[in-house]
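Reviewing the structure listed below.
Numbers restart at 1 for each chain; the letters A, B, ... are given by sequence-line order, proteins then strands.
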Amino acid sequence: MSEFSASSTEPADESTSAHAIQAKWQKYWAENETFLAGGDDDRRPRKFVLAMFPYPSGDLHMGHAENYLYSDIVARFWRHRGHNVLNPIGWDSFGLPAENAAIRRGADPREWTYQNIEQQKTGFKAYGVSFDWTRELHTSDPEYYHWNQWLFLQLHERGLAYRKKSPVNWCPNDQTVLANEQVVDGRCERCGAEVVKKKLTQWYFRITDYADRLLDDLNQLEGRWPHKVLQMQRNWIGRSIGADVDFRIEGRDEPVTVFTTRPDTLHGATFFVVAPDSDLAAEIAADAPAEVQTAFAEYLATVQKTTDIDRQSTDRPKTGVFLERYAVNPVGGERLPIWAADYVLADYGHGAVMAVPAHDQRDLDFARAFDLPVKVVVDTTAPITGVIPVIDLDEDGVPIEPVETLDAQHPASTGIALSGEGRMINSGDLNGLSKRNAIARAIEQLTAAGTGRAAKNYRLRDWLISRQRFWGTPIPMLHHDDGTVTPVPVEQLPVKLPAAAGLDLSPKGSSPLGAAESWVRTVDPVSGDPVLRDPDTMDTFVDSSWYFLRFLSPNSDQFAFDPAEAARWAPVDTYIGGVEHAILHLLYARFITKVLFDMGLIDFTEPFSSLINQGMVILNGAKMSKSKGNLVLFQEELDKYGADALRTGLAFAGPVEDDKDWADVSTTGAQKFLSRALRLSHEVASPVDVVFKDGDAALRRGTHRLLADAPALVEQTKFNVLVARLMELVNLTRKTVDTGAGAGDPAVREAVETVAVMLDLIAPHTAEEMWEALGHEPSVGLVTWRQADPALLVEDTITAVAQVNGKVRAQLEVSAKITADELEALARSDERVIRAIGDKEIVKVIVRAPKLVNFAVKG
RNA sequence: GCCGGCGUGGCGGAAUGGUAGACGCGGAGCACUCAAAAUGCUUUGUCCGAAAGGACGUGUGGGUUCGAGUCCCACCGCCGGCACCA
């Protein structure tokens, strides 16, 4: 025992009392179920506030601390505003990490998952989040994934779930296929391995059927979702407007259709390209001379070995093989040599393009690499607006092109394709038209000739949902000997996962479920024939595409969700989560919502009315990661500072959507502020029922200003400013107590009560403690916010500014009711104003009584 | 390459076209204390000046306006998304 410590106060004092306070109130909330959503008889307006549910990967981290703080602030806010608030929590508990952890330890993924859930649950409770715990759900429970299977069957029935053999993204590390959205820069979104292409038969959801609605409905969300997310979804869907054009292929009965956004340049097509890995290429090559077939086979083999990463590098030289076959241009009838080249993608458009090298950079690069002709059909030097310029005509009435200008910049020599605006040349009766008009005219002509039509294409691909892994929802389909595939009858759902015990879960390219003999072999309940279950499980993004609805009837075994409850609560009013889901989860949830709408189960078409994207919590400018060893541990910080200081520090650190560097988060500053506020609540010396009316006027004004401003601050998610404003009021109250009206003044009670009720959003334990110290019954979380008194918002005197040429020269204390003339006169007589004007001439005087006068002077 | 966003003190950040830098961190000083911690108070954009006061100041350059961090144009820099999508 050191003699130094005997007389010293432990520095941990602040946080130990904070820990006592938080334990006290967490117990109270749990025992009283303070934050349950009201039932059917609750007449208050409803708010559905939701944070993206967590994956139970271990303990909570600082990202969770931020995410669930924000949703808690919003939920608490609406309770204070007299709303019936639903703020539920669940776990996105299927997925690869559980399986990988299980493989490493030879354990059951179920155990790992549910242990982590318990740990996270404890963390959330210690953090003081006002969840309605009675609606907790886990997507890995059969009671939940039952309805994933139901959803799958519904989509199947509507033709929206189908199987096809197609090249897919394959992660060689996780040994499973991936959806397009899960491939980031050619790598597996989860493990970072280079993705390869494989041709497999897989289940898809037909999200492309909804492409137009998914794109167009984004306009409804303008201003309610972050602009960035809307833009990302628009790009992802990537609608292109143009035309389909039919090309006859010599020696083939059926014409081949290509998609183009530039039907105006049809006359400039000089060759034709097919994707080497398309069926069309194989077919065309099959009828080519033997040496061409060999060359093509070699080329195809090379292409298939190329990863997406290499394939996507734009400066990669163009490669291809001439197939010695010809397509015929539907306008003009020119013969176009057919090439196979990997710059054309098999799964976009029709897997074939007409090449117009003069006006498309990729085609030009290819033409220059293989010495193919380049024909300019748009004069991009011609003006595109105003009157059509005089064009010299030859004796046949065909415009003579200004040869010199074109030569100087001919794409074949410059290597730069002319993709800009201009006027058509060398294009028959399109000549002289602008690009835009020529596109319209070309489509008309193609339609009339029956060789083309207006068309749209999307970057978006169908959603591949099969996964060759164990820990997910079994796909409820049965495979018959004759190759037919039939659904499991809906009344036999759920198809439960077998026990993991005895199964080899290690990745091997096919689902571990296939080896669960007694599970995979079953009998078709319709025909009685022996059948095999589909061994794949669903992408976990299926689970999360509708979970927000399950919170409305979390225990029902009658339906996925009760449509009546959905009508009451949904859609989600405020949804909060990281921007990493800008496409994946949010696009899928929007898609499934539209399907459910089409099924008549819900009456809305967008699941999340408003969306908040929080930034990341980083450390010293770098993303935190286990491998870098720069983790800030949630539990450690919580132990050190307490939940309220953590919450306040985070909320105050900066705008919601910005990244927060933990190095800049001042938890000690937060602690200091919270104890100042708490101390005030103990100092208040007036009785609980004191009338505020006669309290200190300046403090009352400060209180009511905050009452007036706070709701907008919360609704605009300016939580950092709300904390700053609370600090201001605490400071003002401190001053009033110490050097002003004193602790017994009614205004002090009014101010401290206001702080307590508003602070509940940020630091709920401290707020409850204050509320109790002030002589009130808990819970402060259910107290309605006081209205600002407009009479208290107007001041008797205010500081007006006098400017000369926009520069402030004097501050004037004036009556709030001062007239424009009085204010101007006062300003004119001010010595500093007179000096600033000097002998210059006043040209104009702007008066905005009572706040501002500006003299515009000259000379 | 295409699309989007952002540039404000030493730092995190405030600011319906109307006093730029609220609030906090950090710094400096003071009070209380034997001393420290804690707490409270004062001060803190840069430059000139002893002060009064003045000049400059929101990435750069222009513009609109009585007045611009805020609106418009161009440029520079950083960040994010997409990318051989015809």
Side-chain angles (χ1 to χ4, degrees), chain A residues 4 7-11 13-14 184-185 226-236 238-240 242 258-262 265 273 275 311-316 318 341-345 347-356 359-363 365-366 419 457-461 579 582-583 649 652-655 657-661 663-666 668-670 672-673 675-676 679 712 718 720-728 730-731 734-735 738-739 799-811 832 835-836 842-848 851-857:
Chain A
F4 292 106
S7 58
S8 74
T9 314
E10 286 298 319
D13 214 31
E14 213 63 77
V184 179
D185 293 333
H227 178 74
K228 181 182 173 180
V229 175
L230 296 176
Q231 217 47 40
M232 281 168 75
Q233 291 222 355
R234 287 186 180 115
N235 288 341
W236 191 262
R239 181 164 60 196
S240 298
V258 302
F259 174 73
T260 177
T261 53
R262 294 293 304 275
T265 63
V273 188
R311 191 168 174 163
Q312 277 169 8
S313 79
T314 344
D315 44 358
R316 187 167 141 262
K318 291 280 182 289
D342 69 353
Y343 79 93
V344 172
L345 306 176
D347 60 349
Y348 182 79
H350 307 280
V353 302
M354 64 177 207
V356 185
H359 304 291
D360 181 282
Q361 191 60 49
R362 297 151 303 182
D363 294 342
D365 293 343
F366 192 83
S419 56
N457 246 302
Y458 306 91
R459 210 189 143 279
L460 182 71
R461 309 290 201 272
V579 75
I583 293 170
F652 186 55
E657 63 280 6
D658 288 7
D659 287 350
K660 276 135 218 99
D661 198 322
D664 298 325
V665 175
S666 176
T668 43
K672 223 163 106 177
F673 159 63
S675 42
R676 275 162 73 85
R679 208 173 325 122
K718 295 180 174 179
N720 57 331
V721 182
L722 178 70
V723 175
R725 296 291 304 274
L726 282 165
M727 287 172 168
E728 265 179 316
V730 165
N731 291 345
R734 178 81 262 155
K735 200 165 267 175
D738 290 347
T739 59
T799 309
V801 291
Q803 301 177 329
V804 176
N805 281 347
K807 269 186 194 154
V808 178
R809 295 298 172 173
Q811 271 108 347
R832 289 160 295 187
R835 197 172 345 121
I842 298 175
V843 262
K844 195 169 179 182
V845 184
I846 311 291
V847 186
R848 295 276 179 275
K851 293 203 64 160
L852 177 134
V853 190
N854 188 14
F855 298 97
V857 301

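- As the counterpart of B:U19, no nucleotide is assigned, since no Watson-Crick or G-U wobble pattern has both distances under 3.5 Å.
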Exercise for the section: Mark up nucleotides 7-32 of chain B, 5' to 3', with B wherever a protein heavy atom is under 4.0 angstrom from a base atom, S wherever such an atom reaches only the sugar-phosphate, and - elsewhere. Expected result: ----SBSSS--BB--BBSS-------
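- At a threshold of 4.5 Å between non-hydrogen side-chain atoms, the residues A:Glu657 and A:Val579 do not count as touching.
- In this structure, A:Asn457 contributes its side chain and A:Ser240 its backbone to no donor-acceptor pair below 3.5 Å.
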Exercise for the section: Decide yes or no on side chain to side chain contact (heavy atoms under 4.5 Å, CB included) for A:Ile846 and A:Gln803, but give the supporting numbers first. Expected result: CA-CA 9 Å; A:Ile846 311 291; A:Gln803 301 177 329; over 6 Å; no
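- Using N1 to N3 plus N6-O4 or O6-N4 for Watson-Crick, or N1-O2 and O6-N3 for G-U wobble, each under 3.5 Å, B:C32 pairs with nothing.
- If you find the closest nucleotide of RNA chain B to A:Arg835 and to A:Asn457, the one lying nearer the 5' end belongs to A:Arg835.
- Checked by atom type and distance alone, the side chain of A:Lys660 pairs as donor or acceptor with a backbone atom of A:Pro655 at under 3.5 Å.
- Taking the side chain of A:Lys807 as heavy atoms from C-beta on, and the options B:C56, B:A86, B:C84, the nearest nucleotide is B:C56.
- Taking atom C1' in both B:C76 and B:A28, one finds a spacing of 37 Å when rounded to whole Å.
- To the nearest angstrom, P of B:G4 lies 16 Å from CD1 of A:Ile583.
- The same atom, P, is picked in B:G54 and in B:G1; the two are 50 Å apart, to the nearest Å.
- Residue A:Lys735 contributes atom NZ, which lies 18 Å from atom P of B:U39 at whole-angstrom precision.
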Problem - Verdict with reasoning, A:Gln361 to A:Asp365, per side chain to side chain donor-acceptor pair (under 3.5 Å) - result: CA-CA 6 Å; A:Gln361 191 60 49; A:Asp365 293 343; 3.0 Å; yes
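- Within the 4.5 Å cutoff, no side-chain heavy atoms of A:Phe855 are placed close to those of A:Arg809.
- Nucleotide B:U58: unpaired (no Watson-Crick or G-U wobble partner with both distances less than 3.5 Å).
- Between the CZ atom of A:Arg809 and the P atom of B:G53 there is a distance of 12 Å, given to the nearest Å.
- Seen from the ring of A:Phe366, A:Lys318 does not count as a face-on cation partner, given the 6.0 Å and 45° thresholds.
- Taking the P atoms as reference points, B:G69 lies 13 Å from B:G61, given to the whole Å.
- In this structure, A:Phe855 atom CZ and B:G67 atom C1' are separated by 14 Å, rounded to whole Å.
- Taking atom C1' on both B:G45 and B:A14, the two are 15 Å apart, rounded to the nearest angstrom.
- Mapping A:Val184 and A:Gly349 onto RNA chain B via the closest heavy atom, the residue that lands nearer the 5' end is A:Val184.
- On the C1' atoms, B:A68 is 14 Å away from B:U19, given to the nearest whole Å.
- Between the C1' atom of B:A83 and the CE atom of A:Met232 lies a distance of 14 Å, rounded to the nearest Å.
- In textbook terms, a nucleotide whose glycosidic angle is within 90° of 0 is syn, while B:G45, being further out, is anti.
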Problem - B/S/- contact track for nucleotides 47-52 of chain B, protein heavy atom under 4.0 Å - result: ------
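- For A:Arg459, a side-chain nitrogen or oxygen approaches OP1 or OP2 of B:A83 to under 4.0 Å.
- Rounded to whole Å, the separation between the C1' atoms of B:C47 and B:A38 comes to 39 Å.
- Using P as the reference atom, B:C25 and B:U39 are 10 Å apart when rounded to the nearest Å.
- For B:A86, the OP1/OP2 oxygens have no side-chain nitrogen or oxygen of A:Tyr343 closer than 4.0 Å.
- By the 4.5 Å heavy-atom criterion applied to side chains, A:Arg461 and A:Asp347 are counted as neighbours.
- Comparing B:G7 with B:C71, their P atoms are spaced 10 Å from each other, to the whole Å.
- What separates CG of A:Asn235 from P of B:G81 is a distance of 12 Å, to the nearest Å.
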Practice task
Decide yes or no on side chain to side chain donor-acceptor pair (under 3.5 Å) for A:Arg459 and A:Asn235, but give the supporting numbers first.
Solution key: CA-CA 8 Å; A:Arg459 210 189 143 279; A:Asn235 288 341; over 6 Å; no
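- Proximity of A:Asn805 to A:Lys807: side-chain heavy atoms (C-beta onward) are nowhere separated by under 4.5 Å.
- Residue A:Arg461 is classed as a base contact, given a heavy-atom separation below 4.0 Å to a base.
- A:Leu345 places its CG atom 14 Å from the C1' atom of B:C82, with the value rounded to the nearest Å.
- When Watson-Crick and G-U wobble pairs are counted only if both distances are under 3.5 Å, B:A52 pairs with no nucleotide at all.
- Counting only heavy atoms from C-beta outward, the side chains of A:Asp342 and A:Arg316 approach each other to under 4.5 Å.
- Of the nucleotides present, B:C6 is the one that pairs with B:G77 by Watson-Crick or G-U wobble criteria, both distances under 3.5 Å.
- Across every strand in view, B:C11 sits in a pair with B:G24 that passes the Watson-Crick or G-U test at under 3.5 angstrom.
- The CH2 atom of A:Trp236 sits 17 Å away from the P atom of B:G80 (whole-angstrom rounding).
- Listed by chain and number, the residues in a side-chain hydrogen bond (donor to acceptor under 3.5 Å, both in side chains) with A:Arg734 are A:Glu683, A:Asp738 (sequence neighbours excluded).
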